[in-house]
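Chain naming here is simple, since letters A, B, ... match the order of the sequence lines and numbering starts at 1 in each.
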Amino acid sequence: MLDVKFIRENLELVKEGIRKKGENVSIDNFIELDSKRRKMVTEVDQLKYKRNLVSEEIGKMMKEKKEAKGLIEEMKKVSEEIKTCDSEIQSIEKEIYNILINIPNIPHPSVPEGDESKNIEIRRWGKLQEFDFTPKDHLQLGKELDIIDFPRASKIAGGGFPLYKGLGARLERALINFMLDLHINKHGYTEIFPPFLANRDSMFGTGQLPKLEEDMYICEEDDLFLIPTAEIPLTNIHKGEILDISELPKCYTAYSACFRREAGSYGKETRGFLRVHQFNKVELVKIVLPENSYAELEKLLADAEEVLQLLEIPYRVVILASGDLSFASAKCYDIDIWAVGEKKFLEVSSCSNFEDFQARRIGIKFRRAKDTKPEFVHTLNGSGVATARLMVSLLENYQTDEGTVIVPEVLRKYMDGINIIK
RNA sequence: GGAAAGGUGGCCGAGUUGGUUUAAGGCGAUCGCCUGCUAAGCGAUUGUAGGGAGAAUAUCUUUACCGGGGGUUCGAAUCCCCCCCUUUCCGCCA
């Protein structure tokens, strides 16, 4: 959510931002609604002032057993008027609010303009594997090694739900632990184990609602949503708080299962692990000072990249063009890893700076000093990283000509020293 | 699922027969005074959001906010209705 004052004073800039994001909200009547609201608030405030004064007067008169009937009659009318004005203000505010919540965050000036074809690869790490045999894809490997069983998973929950078995399950668990330990021990994040369900308010705060409701699994009876990412619980931890400047930056990491209905995306990259309804992810969230947020974004990105460097999986970093940015994000880097069997790059992380867009919705502020006004913090998040696709790349890139898979060095201590899956 | 108690400003905590409570009091914090220093003491300040006046992020003024929403009333923290949350006990279950 953007600041009303900011929109009022930078209407063209906001329109420009909406256009760059490829959204189609109209803010043409915003200024008119806003000034109408302010005018009415001023009027009704004066009426309320009068009512407060006279009501006090009535109280005093009644105590002295004086007749106050005339004043009460007069105030009845004033109260009626207030009621009418208030309900009109309320409906104007609702209109304003509906515009406000549909205005996306404005892309940072460093973000290239255009649709996803304008995304720019800014660096590449590692050498893309080449084998002197024909590499298998992850589905074939998973089946032959008996570590992934999609057909049976579908009996339990339907298509798009993975079932890991034996060393597959263990490898998945090793990946999660490896990533968490790295972020906790080396990068200084605090580990959180959050709820995997979130209420409507939290979903709205991070920006998944109202736009993406149909992509969510929802428990209707309780109005709770299965989280599509741990970004939601982590960013909402400090909802409604004013933090002390000495507490910043706050860096949280969490493992969570992530649930996505992926409505409307059937047929697109649906093979195996490429797009599933449930996957595991280690998430990174930072709550920072506004002036540091872009430096923190680079650090966050580096923290996520290190996971892949230690696993020795080749990847590229892409800066997203304005039209490919998510609703709430001002700037975003994607990390794509190479999967030799699929012969393509797979997105495993998005590292975004939301500036104060989420903070304003959620109400997370900080105070620079005792007597200064609270300001909104900046929030960032990134996957560090998602395992389902990581597993794809790992199986495919670490396969041998014998059909076995070598366990990456850094994971072996999490697997009792097992160094090969066969 | 059943029963009970509760939700008040950064924290603690009074106020529930509706009207000097414009939210008492305390703690903490900040500033000043005093003190050789520290402590104590004394004095002052002490929320958030919106609106208006103003060149002003100075200042003045006003409205709203006592878990959320609605209602009654000239007037609601206080009365009524709905919802949410917390705690305890019981039942059920991992």
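Taking atom P in both B/rA4 and B/rC93, one finds a spacing of 24 Å when rounded to whole Å. B/rU48 and B/rA23 have their P atoms separated by 16 Å, with the value rounded to a whole Å. Between B/rC89 and B/rC79, the distance separating the two C1' atoms is 30 Å to the nearest Å. The separation of B/rU78 from B/rU20, taken at their P atoms, amounts to 14 Å, rounded to a whole angstrom. A distance of about 16 Å separates the C1' atoms of B/rG7 and B/rG69, rounded to the whole Å. The same atom, C1', is picked in B/rG18 and in B/rG75; the two are 8 Å apart, to the nearest Å. Comparing the P positions of B/rU73 and B/rU16 gives an interatomic distance of 24 Å, to the nearest angstrom. With P as the reference atom, B/rA29 and B/rA39 are 10 Å apart, rounded to whole Å.
Base pairing annotation: B/rG91 forms no Watson-Crick or G-U wobble pair, as no partner gives both donor-acceptor distances under 3.5 Å. Figure legend. B/rG43 is base-paired to B/rC31; pairs are counted as Watson-Crick or G-U wobble with both atom distances under 3.5 Å. Across all strands shown, B/rU38 forms no Watson-Crick or G-U wobble pair with both distances under 3.5 Å. Applying the Watson-Crick and G-U wobble criteria (two distances, each under 3.5 Å), B/rA64 pairs with B/rU48. In this structure, B/rA58 makes no Watson-Crick or G-U wobble pair, since no nucleotide meets both defining distances under 3.5 angstrom. In this entry B/rG25 has B/rC12 as its Watson-Crick or G-U wobble partner, both defining distances falling under 3.5 Å. Remark: B/rU86 base-pairs with B/rA5. Criterion, Watson-Crick or G-U wobble with two distances under 3.5 Å.
Between A/K50 and A/E74 there is a salt bridge, since at least one side-chain N of the basic residue sits less than 4.0 Å from a carboxylate O of the acidic one. For the pair A/D222 and A/R200, the salt-bridge criterion is not met [side-chain N within less than 4.0 Å of a carboxylate O]. A salt bridge does not link A/D149 to A/K143: none of the charged side-chain nitrogens sits closer than 4.0 Å to a carboxylate oxygen. For A/R19 and A/E113, the salt-bridge test passes: some basic side-chain N is under 4.0 Å from an acidic carboxylate O. Taking the charged nitrogens against the carboxylate oxygens, A/E355 and A/K331 have no contact shorter than 4.0 Å, which rules out a salt bridge.
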Could you go through the salt bridge (Lys or Arg N to Asp or Glu O under 4.0 Å) check for A/D356 and A/K365 one step at a time?
CA-CA 9 Å; A/D356 63 4; A/K365 298 184 170 186; over 6 Å; no

Trace of the side-chain hydrogen bond (donor to acceptor under 3.5 Å, both in side chains) decision for A/N177 with A/Y255:
CA-CA 9 Å; A/N177 283 334; A/Y255 152 74; over 6 Å; no

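Taking for each of A/K76 and A/K39 the nucleotide of RNA chain B with the nearest heavy atom, the 5'-most of the two is the partner of A/K39. The nearest heavy atom of RNA chain B to A/G59 and to A/D3 marks one nucleotide each, and the one closer to the 5' end goes with A/G59.
From the 5' end on, the contacts that RNA chain B makes with chain A at under 4.0 Å to a non-hydrogen atom open and close at B/rG19 to B/rG75.
Among the atoms of the strands shown, none is found under 4.0 Å from any heavy atom of A/E247. Nucleic acid contact for A/K365: sugar-phosphate only, since backbone atoms but no base atoms lie under 4.0 Å from a heavy atom of the residue. Using a 4.0 Å heavy-atom cutoff across all strands shown, A/R8 reaches sugar-phosphate atoms only and no base atom. In this structure, A/K60 reaches neither bases nor backbone, as no heavy-atom distance under 4.0 Å exists between it and the strands shown. At a threshold of 4.0 angstrom between heavy atoms, the contacts of A/R200 with the nucleic acid are absent.
Contacts with RNA chain B (heavy atom under 4.0 Å) in residues 48-58 of chain A: A/K48, A/Y49, A/R51, A/N52, A/S55, A/I58, listed by number.
Between A/H108 and A/Y294, the ring center distance clears the sub-6.0 Å criterion. Between A/F327 and A/F357, the distance from one ring center to the other falls under 6.0 angstrom.
Looking at A/Y164, A/F279, A/F161 one by one, the single match for ring-ring contact (aromatic ring centres under 6.0 Å, His included) with A/F273 turns out to be A/Y164.
Remark: A/K239 engages A/D201 in a salt bridge (charged side-chain N to carboxylate O under 4.0 Å, His left out) (not counting sequence neighbours).
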